[in-house]
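The figures that follow rest on heavy atoms only: side chains count, while hydrogens, waters and symmetry mates do not. Fair warning: this is a prediction, and the values are worked out from it, not measured in the lab. Lettering of chains follows the sequences in order, A, B, ..., and the numbering in each one begins at 1.
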Number of protein chains: 2
Amino acid sequence: MANQSPRLDQIFAALADPTRRAIVMRLCAGEASVGELADPFDMALPSFMKHIHVLETSGLVQSEKAGRVRTCRLSPDALLGAEDWFQQQRAIWEARLDRFEAYVMKLKKEKERAAAKRPSRTTKRKGAE
Amino acid sequence: MANQSPRLDQIFAALADPTRRAIVMRLCAGEASVGELADPFDMALPSFMKHIHVLETSGLVQSEKAGRVRTCRLSPDALLGAEDWFQQQRAIWEARLDRFEAYVMKLKKEKERAAAKRPSRTTKRKGAE
DNA sequence: TCTATAGTTAGCTACATGGCTAACCAATCG
DNA sequence: CGATTGGTTAGCCATGTAGCTAACTATAGA
């Protein structure tokens, strides 16, 4: 099953912060330096750097330093990994809904057959879950 | 833009914990009581209840009490909301890739035209980003 | 070389999180 | 009624997180 994945932990934890989500959104539009990224935020640089670091250890962002400027870019693989998790859950959920629907249909069929046998009785029932 | 959404904060924060992800996965397969949910975990009930509460305030899970048993179910809307966020980011990312690819194609065309003009020069260049 | 720029390191505070125990309701069941 | 079960409340503790300032390093530009 392997869903104890510390990678997912880190990715979701990283995305739980609006500042960090904003950084990711910004980087979706293309790479940028730390300074450029930090500019819109009313926050001291060291605080901001911590966010960058969290994003980096989660694998969502990569960066490299050239001269005195560090350029950050998105690592789309990590984003896809998290998206996959949702899709898996949705698949399971939808499979369950299908099964449930099938069950309801079966009930309905049975009810109809019963109604055909003794058509006088009103086919009313509550609590179909 | 509205991506300061505290709802997303809470959803991602909720999913950052492996215990809570496991609960969500379990609930994808159908509703369950607190006791049933807690059973697989080696954790005191009050600690476990905190996780349930986090999931509930994030909107991922709903629950109601009948008699002395509380039954939990998944609220698929919240999950979809988070999934949407990824899809939006991916859309932006892919649009950028398209633009970038178009840009590379343009460069290539230009290079070819240049090469046609003076075919002697070797068309070698590094660092196209 | 001097200065300004772009990050970085260190170290602090306040608060949130995840876990525990102990004690406490409130429905069931015998 | 009395005991059991299923959950809840209260309160404690250790650790993690988000922010800050101050001081430092290292490159780029004048």
Give the nucleotide from the list [options] with an atom nearest to the side chain of [X].
{"X": "B:Leu45", "options": "C:dG18, D:dG7, C:dC20", "answer": "D:dG7"}
{"X": "A:Ala44", "options": "D:dC20, C:dG18, C:dG7", "answer": "D:dC20"}
{"X": "B:Lys50", "options": "C:dG18, C:dG7, D:dG19", "answer": "C:dG18"}
{"X": "A:Arg68", "options": "C:dG7, C:dT8, D:dA28", "answer": "D:dA28"}
{"X": "B:Met49", "options": "D:dG7, C:dA22, C:dT8", "answer": "D:dG7"}
{"X": "A:Met43", "options": "C:dG19, D:dG19, C:dG7", "answer": "D:dG19"}
{"X": "A:Arg70", "options": "C:dG7, D:dT21, C:dA27", "answer": "C:dG7"}

Hydrophobic clusters here meaning ILVMFWY residues chained together by side-chain heavy-atom distances under 4.5 Å, can you tell me if A:Val54 and A:Val61 are in one?
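Each belongs to a different hydrophobic cluster.
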
Check: B:Arg20 side chain, B:Ala13 main-chain N or O, donor-acceptor pair, under 3.5 Å =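 The answer is yes, because a donor-acceptor pair under 3.5 Å joins these two groups.
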
Considering all heavy atoms, the nearest B:Leu27-B:Ala32 contact: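 Scanning both residues, the minimum pair turns out to be CD2-N, 4.0 Å.
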
Of A:Asp17 and A:Gly67, whose closest DNA chain D nucleotide lies nearer the 5' terminus?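 This one resolves to A:Asp17.
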
Expressed in angstrom and rounded to an integer, what is the separation of [X] atom [atom1] from [N] atom [atom2]?
{"X": "B:Ile52", "N": "D:dG7", "atom1": "CD1", "atom2": "P", "result": "10 Å"}
{"X": "A:Phe41", "N": "D:dA18", "atom1": "CZ", "atom2": "C1'", "result": "14 Å"}
{"X": "A:Glu36", "N": "C:dT5", "atom1": "CD", "atom2": "C1'", "result": "14 Å"}
{"X": "B:His53", "N": "D:dA10", "atom1": "NE2", "atom2": "C1'", "result": "15 Å"}
{"X": "B:Leu37", "N": "D:dG7", "atom1": "CG", "atom2": "C1'", "result": "13 Å"}
{"X": "A:Ile23", "N": "D:dA18", "atom1": "CD1", "atom2": "P", "result": "11 Å"}
{"X": "B:Asp39", "N": "D:dG7", "atom1": "CG", "atom2": "P", "result": "11 Å"}
{"X": "A:Lys65", "N": "C:dA6", "atom1": "NZ", "atom2": "P", "result": "12 Å"}

- prompt: What orientation do A:Phe12 and B:Phe12 show, parallel under 30°, tilted 30 to 60°, or perpendicular over 60°?
  reply: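 Ring orientation, 0 to 90° scale: parallel.
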
Check whether any side-chain nitrogen or oxygen of B:His51 sits under 4.0 Å from OP1 or OP2 of C:dT17, and answer yes or no.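 Negative; the distance criterion is not met.
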
Practice prompt. Please determine if a side-chain N or O atom of A:Ser47 lies less than 4.0 Å away from the OP1 or OP2 oxygen of D:dA18.
Written response: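 The answer is no; no side-chain N or O of A:Ser47 sits under 4.0 Å from OP1 or OP2.
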
Could you check whether A:Gln10 and A:Thr57, counting side-chain N and O atoms only, form a donor-acceptor pair closer than 3.5 Å?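 Side chains of A:Thr57 and A:Gln10: no pair found under 3.5 Å.
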
